[in-house]
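Quick notes on the structure that follows.
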Protein chains: 2
Amino acid sequence: MTSQDVILGLLMHHSLSGYDMKHKMETILSYFNNASFGTIYPTLSKMEKEELITKQSVIQEGRPNKNVYSITEKGREQFKTYMYSPVEDNEFKSDAMTRLFFGEFVEKDVIVGVLEEYLQRTKGHMERLSKLYVECQPEMSHSQEICIQIGINNSESQIRTLTQGIVRLKNLAEK
Amino acid sequence: MTSQDVILGLLMHHSLSGYDMKHKMETILSYFNNASFGTIYPTLSKMEKEELITKQSVIQEGRPNKNVYSITEKGREQFKTYMYSPVEDNEFKSDAMTRLFFGEFVEKDVIVGVLEEYLQRTKGHMERLSKLYVECQPEMSHSQEICIQIGINNSESQIRTLTQGIVRLKNLAEK
DNA sequence: GGACACATGTAACAAGTTACATGATTAA
DNA sequence: TTAATCATGTAACTTGTTACATGTGTCC
């Protein structure tokens with residue numbers, strides 16, 4: 001799965017500008033994907049050359065002009081090829097968990113701090129997802145609902161585990 | 001957090017060869033980290049030049065010789081600097097979830113297939129973690145226990161969500 | 001005979017990040 | 001006036017992956 005596949009997926013519904021795509025990636029796709037402008041714009045240029053998408057320049061008043069991209073028939077085929085290809089493994093990398101793993105080499109307070117920050121971030125993450133779910137549920141597909149439920153339920157589970165972990169570590173420190 | 005920080009952490013306890021490190025990353029660190037030989041060996045060379053680690057060649061019989069690396073005082077300081085630095089956000093990328101998100105553009109069976117494979121992989125993942133927990137619990141630190149519990153509990157939660165999702169999608173297909 | 005574990009290393013390549021460059025409008 | 005939103009794009013850099021190259025011993 002590359003950024004190209006995600007862009008093709010986004011264009012299956014509507015035509016979008018690079019800026020719009022970035023916004024979608026930061027909201028509805030953010031919990032299992034990410035891409036910066038430095039990835040999006042060069043990828044769009046490449047895809048246009050390969051005739052997977054076409055560009056239309058839209059002149060706007062009071063705003064910068066924008067390039068709106070649409071998917072071509074060739075692009076739709078490419079997207080199908082992706083959707084039928086073997087599923088790749090998830091990629092996960094956690095700095096917070098790495099610190100927990102090596103926690104024995106620093107003071108307990110530092111680790112409690114890591115846990116508390118991780119908990120706050122997870123709570124924020126879950127709130128954003130829950131809000132998104134409430135807002136977008138009417139227009140969501142069935143598999144999109146499953147997708148966001150995975151995100152919400154995993155966050156909930158993580159909040160529970162972290163909360164318990166903090167209590168246990170703190171008790172240990174007092175004794 | 002770079003591979004360097006992880007390598008320093010691994011060397012805080014024992015001296016290790018690059019091959020040993022790869023093994024650790026594939027087992028006890030695998031659920032929040034990963035690195036290939038193509039990353040490990042060049043990083044070790046770089047770290048040796050920077051005097052964060054030292055190399056000792058060990059001649060073995062019936063096996064290839066190996067280079068065993070030990071952390072230096074400078075390396076320990078560098079490791080502490082890492083452990084006290086601001087915690088970076090988790091990185092997560094999921095091909096399976098991307099396909100769920102764009103599931104409306106393919107047949108329901110394809111999505112059920114994605115869900116079932118994702119479920120099987122998650123089950124396998126959880127079994128490996130549970131086994132690891134049972135095997136290593138005696139020598140695990142408190143924060144390491146929290147770390148692996150996060151992994152196990154998140155997997156459990158994901159198994160539940162996926163199982164429910166499969167049932168719901170399948171019922172929908174029958175109607 | 002074949003696969004796997006042990007063991008190290010490089011080179012080519014892919015992918016993505018960060019920072020820079022530009023610039024108008026709008027709201028606090 | 002300061003920040004945010006809208007809007008695109010490039011260049012340098014970092015990081016990591018895959019594949020190749022090499023070779024022995026052990027187990028089935």
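Naming: A, B, ... by sequence-line order, numbering from 1 per chain.
- Residues A:Ala35 and A:Arg63 both approach DNA chain C. Their nearest nucleotides, taken by heavy-atom distance, put A:Ala35 toward the 5′ side.
- Side-chain proximity of B:Ser36 to the nucleotides D:dT8, C:dT10, D:dT18 is greatest for D:dT18.
- Contact annotation for B:Ser3: backbone-only contact, meaning every heavy-atom pair under 4.0 Å involves sugar-phosphate atoms and none involves a base.
- Using a 4.0 Å heavy-atom distance criterion, A:Lys46 is classed as making no nucleic acid contact.
- Taking both residues in full, the closest heavy atoms of B:Lys22 and B:Glu26 are given as NZ-OE2, 2.6 Å, listed atom of the first, atom of the second, then distance.
- For the OP1/OP2 pair of D:dT17 and a distance below 4.0 Å, the side-chain nitrogens and oxygens of B:Asn34 include at least one atom meeting the criterion.
- Between the C1' atom of D:dT17 and the CD1 atom of B:Ile40 lies a distance of 12 Å, rounded to the nearest Å.
- Nearest-nucleotide positions on DNA chain C for B:Lys66 and A:Thr2 put B:Lys66 closer to the 5' end.
- Put simply, CE on A:Met21 is 16 Å from P on D:dC6, counting in whole angstrom units.
- For the residue pair A:Tyr133 and A:Gln149, the shortest heavy atom distance occurs at OH-NE2, 2.8 Å.
- Of all non-hydrogen atoms in A:Ile71 and A:Arg76, the two that sit nearest each other are CG2-NH2, 3.6 Å.
- Here the P atom of nucleotide D:dC6 and the NE2 atom of A:His23 are 7 Å apart, to the nearest Å.
- Ion pairing between a basic and an acidic side chain is recognised when a charged N comes within 4.0 Å of a carboxylate O; A:Asp20 and A:Lys24 show no such pairing.
- Of the side-chain N and O atoms in A:Ser45, none sit less than 4.0 angstrom from OP1 or OP2 of D:dG9.
- In this structure, the CD atom of B:Gln4 is 10 Å from the P atom of D:dG16, given to the nearest Å.
- Rounding to the nearest 0.5 angstrom, the gap separating the CE atom in B:Met97 from the CD1 atom in A:Ile146 is 11.0 Å.
- Among the heavy atoms of the strands lying under 4.0 Å from B:Gly38 is at least one base atom, whether or not backbone atoms are also near.
- Side-chain N/O atoms of B:Gln60 include one lying less than 4.0 angstrom from OP1 or OP2 on C:dA7.
- When the nucleotides C:dG16, D:dT8, C:dA7 are ranked by their closest atom to the side chain of B:Lys93, C:dG16 comes out on top.
- Counting to the nearest Å, the P atom of D:dG9 and the CZ atom of A:Phe37 are 11 Å from each other.
- Of the listed nucleotides (D:dT15, C:dC6, C:dG9), C:dG9 has the atom at the smallest distance from the side chain of B:Tyr41.
- Here the P atom of nucleotide C:dA5 and the CG atom of B:Asn65 are 21 Å apart, to the nearest Å.
- The side chain of A:Asn67 sits closest to D:dG9 out of D:dG9, C:dC6, C:dT8.
- Following rounding to the nearest Å, B:Glu26 (CD) and D:dT17 (P) show an atom-to-atom distance of 11 Å.
- The side chain of B:Pro64 approaches C:dC6 more closely than any other nucleotide in the set C:dG16, C:dG9, C:dC6.
- Comparing C:dT8, D:dG16, D:dT5 by their closest approach to the side chain of A:Tyr19 singles out D:dT5.
- Atom CD of A:Glu88 is separated from atom P of C:dA14 by 15 Å (rounded to the nearest Å).
- From A:Leu11, atom CG reaches atom CE of A:Met47 across 6.5 Å, with rounding to the nearest 0.5 Å.
- Nearest to the side chain of B:Ser17, among C:dT8, D:dT17, D:dT8, sits C:dT8.
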